[in-house]
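This report refers to the structure that appears directly beneath it.
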Amino acid sequence: MRRLGYAITHTLYLAMPQTPAAPAAAQYALVSNRAAIGGAGLIDWGTMPAGALANPFAVSVTGTSLTATVSNGLGLSRTAQGAGWNGNFTAGDPLLLSLSPSLDILFSSDIAAVGAQYQPSFLGFFSGSIEAFDVTGLSLALVVFNGNSTNAQDGSAVFAGISSATGGIRRVRFSNGSVSFALNNVSVNPVAGSPPAGLISVAPEPDTVLLMATGFLALLALRRRRRAR
């Protein structure tokens, strides 16, 4: 058994690349309050006309040079808390209503953090998610949030955001999997900063995956050699 362990270790060492290690994968976190977004960018739904909107539509991100393209599968509408939406946003908040359970916001260049208060179109406890994508459409991370949907009109709608330590977010998707929902104004930070607090998700580096695969093949070859003796 000792000889077998040594052989595997030696084989793995030889299989490791002799180039410097790749940088660590980007870190992502769920952001639960607007201040933690950390940027001055804002998508203000109050700049959109009330009622049904084009799908997709483009909107400026005030405080930045960015624009955003908003789209979903069923329909988009601009409404407001207390004037078309009876929920738990602050009274008078301009809202974007997504008739689909999934909504995409595509930015004109990369950002580091984005978030908004969120409420589905039913009362009670719920779960939702935000998924971040890069410029090629590759999924970077998905974070899940929970909230309590009420009609208190008191600003208690859950804040849901995602943050990256290194930027690189080009598109985000808000989703709950089953029902329509509303968002209030969206805060945006285009500048990458320190690693975000909260739940961290780190993807394995390609070198690590290669090393695991090489080790498995080495173990398989050694077992076949022992059987052949």
Side-chain angles (χ1 to χ4, degrees), residues 30-37 39-64 66-108 111 113-133 142-162 169 171-189:
L30 175 66
V31 180
S32 59
N33 65 84
R34 195 175 295 275
I37 295 295
L42 191 72
I43 301 177
D44 182 357
W45 305 125
T47 64
M48 308 302 296
L53 300 172
N55 188 11
F57 70 84
V59 61
S60 296
V61 183
T62 61
T64 75
L66 297 167
T67 58
T69 301
V70 183
S71 62
N72 70 8
L74 292 178
L76 299 163
S77 182
R78 215 280 281 170
T79 184
Q81 173 63 51
W85 185 267
N86 184 28
N88 58 345
F89 296 99
T90 300
D93 267 3
L95 306 174
L96 179 69
L97 172 61
S98 171
L99 300 179
S100 167
S102 178
L103 168 75
D104 282 19
I105 304 178
L106 173 67
F107 295 93
S108 54
I111 65 167
V114 58
Q117 283 184 283
Y118 175 105
Q119 184 180 19
S121 57
F122 67 85
L123 301 182
F125 292 98
F126 68 91
S127 293
S129 67
I130 310 173
E131 188 170 7
F133 301 84
L142 182 149
V143 295
V144 175
F145 58 91
N146 300 301
N148 184 20
S149 177
T150 75
N151 57 9
Q153 197 169 249
D154 58 357
S156 63
V158 64
F159 187 89
I162 190 168
I169 298 173
R171 174 167 58 95
V172 291
R173 174 174 295 159
F174 289 86
S175 180
N176 62 53
S178 60
V179 298
S180 58
F181 63 89
L183 295 175
N184 69 356
N185 291 342
V186 178
S187 290
V188 180
N189 184 358

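Computation of the quantities below employed the complete heavy-atom set of this structure, encompassing side-chain atoms and omitting hydrogens, waters and symmetry-equivalent molecules.
In this structure, the side chain of Asp93 does not engage the main chain of Gln81 through any donor-acceptor pair within 3.5 Å. Side-chain atoms of Gln119 come within 3.5 Å of backbone atoms of Thr150 as a donor-acceptor pair (strictly under, hydrogens ignored). Judged purely by atom type and a 3.5 angstrom limit, Asn185 uses its side chain to pair as donor or acceptor with the backbone of Trp45. The main-chain N or O of Phe122 is found under 3.5 Å from a side-chain atom of Ser149 such that the two form a donor-acceptor pair. In this structure, Asp104 contributes its side chain and Ser71 its backbone to no donor-acceptor pair below 3.5 Å. Between the side chain of Thr62 and the backbone N or O of Leu42 there is at least one donor-acceptor pair closer than 3.5 Å. Between the Ser60 side chain and the Thr67 main chain, no donor and acceptor come within less than 3.5 Å of each other. Judged by distance alone, with hydrogens and angles left aside, the side-chain atoms of Gln117 form no donor-acceptor pair with the main-chain N or O of Phe89 at under 3.5 Å.
Rounding to the nearest 0.5 angstrom, the gap separating the CD1 atom in Ile105 from the CZ atom in Phe174 is 5.0 Å. Distance CG/Leu76 to CG/Leu99: 7.0 Å, rounded to 0.5 Å. Rounding to the nearest 0.5 Å places CG of Leu142 at 10.5 Å from CG of Leu30. For the atom pair CG of Asp154 and CG of Asn88, the computed distance is 6.0 Å after rounding to the nearest 0.5 Å. A distance of 4.0 Å separates OG in Ser98 from CZ in Phe181, rounded to the nearest 0.5 Å. From Ser102, atom OG reaches atom CG of Asn176 across 8.5 Å, with rounding to the nearest 0.5 Å.
In this structure, Arg34 is not positioned above the aromatic face of Phe159 in the sense of NZ or CZ being under 6.0 Å from the six-membered ring centre and within 45° of the axis.
Nearest heavy atom pair, residue Ser180 against residue Ser121, reads OG-OG, 2.8 Å. Among all heavy-atom pairs drawn from Gly46 and Pro94, the shortest one is N-CB, 3.6 Å. Between Thr69 and Pro56 the shortest heavy-atom distance is CG2-CB, 3.8 Å. Heavy-atom minimum distance, Val143 versus Gly161: CG2-O, 4.1 Å. The two residues Ala80 and Gly92 come nearest to each other via the heavy atoms CB-O, 4.4 Å.
Inter-residue side-chain proximity for Asn55 and Asn72 is flagged as met; some heavy-atom pair is nearer than 4.5 Å. Looking at heavy atoms from C-beta onward, Thr64 lies out of side-chain contact with Val188 at the 4.5 angstrom threshold. Residues Ile130 and Tyr118 fail the side-chain proximity criterion, which asks for heavy atoms closer than 4.5 Å. Taking the side chain as every heavy atom from C-beta outward, Phe107 and Ile169 never approach each other to under 4.5 Å. Using a 4.5 Å cut-off on side-chain heavy atoms (C-beta onward), Ile43 and Leu96 make no contact.
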For this session: Could you give me the CA-CA distance, side-chain angles and deciding distance for Val114 and Ile37, then say whether side chain to side chain contact (heavy atoms under 4.5 Å, CB included) is met?
Result: CA-CA 6 Å; Val114 58; Ile37 295 295; 5.6 Å; no
For this session: For Leu95 and Leu97, run side chain to side chain contact (heavy atoms under 4.5 Å, CB included): C-alpha distance rounded to whole Å, both residues' side-chain angles, the deciding distance at 0.1 Å, then the answer.
Result: CA-CA 6 Å; Leu95 306 174; Leu97 172 61; over 6 Å; no
For this session: Give the intermediate values and the outcome of side chain to side chain contact (heavy atoms under 4.5 Å, CB included) for residues Leu103 and Val70.
Result: CA-CA 7 Å; Leu103 168 75; Val70 183; 3.4 Å; yes
